[in-house]
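See below for the structure under consideration.
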There are 2 protein chains.
Amino acid sequence: MENSPLFNAGKGAVFTHDGKNEQDATIVDGATGMAGAVAGVKHIANPIDLARLVMEKSSHVLLIGDGAEVFAVTEGMRLVDEKYFHTDRRWNQLQKALAKEREAGEHAVRLSEDDRHGTVGAVALDKSGNLAAATSSGGMTNKKFGRVGDSALVGAGTWADNDTCAVSTTGHGEYFMRGVVAYDVGALMAYKGMSLEEAAAAVIHNRLTLREGTGGLIAIDRQGNFTMPFNTEGMYRGHLLKGGQPVVKIFRD
Amino acid sequence: MENSPLFNAGKGAVFTHDGKNEQDATIVDGATGMAGAVAGVKHIANPIDLARLVMEKSSHVLLIGDGAEVFAVTEGMRLVDEKYFHTDRRWNQLQKALAKEREAGEHAVRLSEDDRHGTVGAVALDKSGNLAAATSSGGMTNKKFGRVGDSALVGAGTWADNDTCAVSTTGHGEYFMRGVVAYDVGALMAYKGMSLEEAAAAVIHNRLTLREGTGGLIAIDRQGNFTMPFNTEGMYRGHLLKGGQPVVKIFRD
């Protein structure tokens with residue numbers, strides 16, 4: 001999905017205020033409890049691959065900015081030119097956001113959903129019963145000051161634990177960070193005995209919606225139950241079951 | 001505490017592999033659910049003040065690196081020269097770590113507790129019943145590649161919610177990030193009905209210790225109960241009650 005220009009991650013990521021693409025990604029392995037993440041990387045074609053390298057080849061969990069890219073190079077990953085990430089659609093989105101900002105004054109601008117969303121994520125259950133989750137995002141159009149979103153944070157945008165579930169979120173990242181949303185789904189299952197569907201619905205439709213946070217999540221448990229709640233108009237999503245055909249949806253069922 | 005050269009935060013922060021001081025800090029307001037954090041800042045005398053500015057003056061939660069410092073300047077904060085953070089003790093600690101690394105090969109080095117610890121944190125209950133938590137850290141001696149620790153992450157190193165507790169952690173940050181430790185204390189109280197002491201003990205003495213993570217936390221609830229569990233030899237800690245004298249401890253009671 002990072003390679004598709006349709007999504008806000010990898011190629012096709014949104015532009016920052018300064019016309020750069022700064023990307024965040026996290027992976028969590030529910031079998032081992034290990035995790036890797038990167039934030040603010042600018043020359044990595046597939047940030048989720050770098051997050052995985054952090055998990056597998058470093059003793060750390062989160063590497064940021066230039067340092068993360070130096071690590072990438074030491075591990076043999078090729079850096080790409082910033083031009084690789086350019087798409088006219090995202091560039092025009094930034095120009096529109098900048099024009100609106102000039103007109104309205106910085107604090108008056110309300111971002112459209114399209115400016116905030118488009119993060120990609122995946123959750124998986126393998127045949128051995130292991131869960132894993134991964135999330136990758138270019139963040140928000142016109143973001144400033146090295147803003148990092150929930151996609152770089154274990155527990156906020158991504159969580160996996162074989163005892164409960166695997167979760168990946170999308171939406172207005174600040175709300176997901178303040179609510180530690182992905183981990184919260186697992187906590188409700190582990191500590192309150194909720195089912196996956198109940199826990200995910202409680203987090204998105206009660207907790208997040210009460211605080212006026214917008215977005216959704218995809219989650220799967222060890223039995224293969226999955227759920228994809230969201231409180232926005234739509235959420236691009238799909239699933240694939242063993243031996244089945246891929247199913248893709250946008251709006252509510 | 002950031003101004004004291006004794007602690008690994010602000011002046012007296014540990015040095016990175018490249019001989020820099022890169023600092024992380026987070027603040028969470030339990031009354032409003034708002035939060036602010038910075039990671040990898042190099043010219044901010046008091047990173048926790050900048051985290052608070054992020055919370056109060058930006059629409060974001062986490063700002064990193066140079067971008068965070070540009071935000072600081074736009075909000076009128078003065079940057080300080082890197083020399084401000086220098087202490088001979090921390091510089092010597094780095095030289096020792098580098099020598100050990102040269103001798104042993106990178107992957108063989110096991111950091112001493114002193115290289116990993118020394119984060120400062122505070123949790124507070126005010127007279128109106130509001131909880132808040134804050135954490136600030138220079139991270140690990142000889143850290144590389146833009147490594148960021150739990151002190152920059154809402155939910156990992158810092159949490160506050162008026163419904164449960166305020167928590168600040170110290171220790172080997174990677175374990176706290178993988179375990180979403182600070183938030184977990186609140187989740188055990190909210191979802192399992194544990195007391196503050198039970199929840200904090202469960203997280204440190206069961207969950208963290210089982211995974212061989214070292215460290216501790218300080219936590220307070222709305223009734224003013226407080227607890228400071230740790231699984232290391234000691235943890236510098238203190239408390240102050242209304243009208244009382246400050247109490248300071250290092251080892252177990």
Side-chain angles (χ1 to χ4, degrees), chain A residues 16-18 22 28 32-35 37-41 54 58-72 74 107 111 140 143-150 152-156 159 173-184 186-194 211, chain B residues 16-18 22 28 32-35 37-41 54 58-72 74 107 111 140 143-150 152-156 159 173-184 186-194 211:
Chain A
T16 68
H17 184 74
D18 299 324
E22 293 179 2
V28 183
T32 61
M34 296 302 281
V38 294
V41 294
V54 172
S58 86
S59 56
H60 298 313
V61 170
L62 173 58
L63 303 182
I64 65 173
D66 296 343
E69 297 188 356
V70 173
F71 172 76
T74 64
H107 296 292
L111 290 172
M140 289 179 175
K143 66 184 178 181
K144 289 174 200 170
F145 306 132
R147 179 263 186 186
V148 168
D150 61 318
L153 270 56
V154 175
W159 181 247
E174 276 68 15
Y175 290 88
F176 287 76
M177 295 163 89
R178 292 184 203 116
V180 199
V181 165
Y183 182 75
D184 206 34
L188 284 168
M189 293 176 70
Y191 302 150
K192 269 207 133 164
M194 283 189 183
R211 295 177 175 204
Chain B
T16 68
H17 184 74
D18 299 325
E22 293 179 2
V28 183
T32 61
M34 296 302 281
V38 293
V41 294
V54 172
S58 85
S59 56
H60 299 313
V61 170
L62 173 58
L63 303 182
I64 64 172
D66 297 342
E69 297 189 354
V70 172
F71 172 75
T74 63
H107 295 293
L111 290 171
M140 288 178 174
K143 66 184 179 181
K144 288 174 201 170
F145 305 131
R147 179 262 186 187
V148 168
D150 62 318
L153 270 57
V154 175
W159 180 248
E174 275 67 15
Y175 291 88
F176 287 77
M177 296 164 88
R178 293 184 203 116
V180 199
V181 164
Y183 182 75
D184 206 33
L188 284 168
M189 293 175 69
Y191 303 150
K192 267 207 135 165
M194 283 190 183
R211 295 177 176 205

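We name chains A, B, ... by the order of the sequence lines, and we start the count at 1 in each one. Hydrogens, waters and symmetry mates play no part in the numbers below; they use all other heavy atoms, side chains included. For clarity, every value in this text was computed on a predicted model and none was experimentally measured.
Proximity to chain B involves both the backbone and the side chain of Phe71(A), based on heavy atoms less than 4.5 angstrom apart. Contact of Ser59(A) with chain B is made through the backbone alone, with heavy-atom distances under 4.5 Å. Using a 4.5 Å cut-off between heavy atoms, Met194(A) makes no contact with chain B at all.
Comparing Ser58(A), Gly67(A), Ala68(A) by heavy-atom pairs within less than 4.5 Å of chain B, the highest count is held by Gly67(A). Heavy-atom pairs under 4.5 Å with chain B were tallied for Asp150(A), Thr74(A), Leu62(A); the largest tally goes to Leu62(A). The candidate from Asp184(A), Val70(A), Leu153(A), Asp66(A) with the greatest count of non-hydrogen atom pairs under 4.5 Å with chain B is Asp184(A).
Residues Val148(B) and Leu63(A) fail the side-chain proximity criterion, which asks for heavy atoms closer than 4.5 Å. Contact of the His60(B) side chain with the Met140(A) side chain is registered, since non-hydrogen atoms from C-beta on lie closer than 4.5 Å. Using a 4.5 Å heavy-atom cutoff, the side chains of Val154(A) and Arg178(B) are not in contact. Counting heavy atoms from C-beta on, the side chains of Phe145(A) and Val54(B) never come closer than 4.5 Å.
Taking the ring pair (Phe, Tyr, Trp, His ring centres under 6.0 Å) definition, one finds that Phe176(A) meets it with nothing, sequence neighbours left out. Every salt bridge (Lys or Arg N to Asp or Glu O under 4.0 Å) that Arg147(A) has, sequence neighbours left out, goes to Glu174(A).
To the nearest 0.5 angstrom, Ile64(A) atom CD1 is 7.0 Å from Glu22(B) atom CD.
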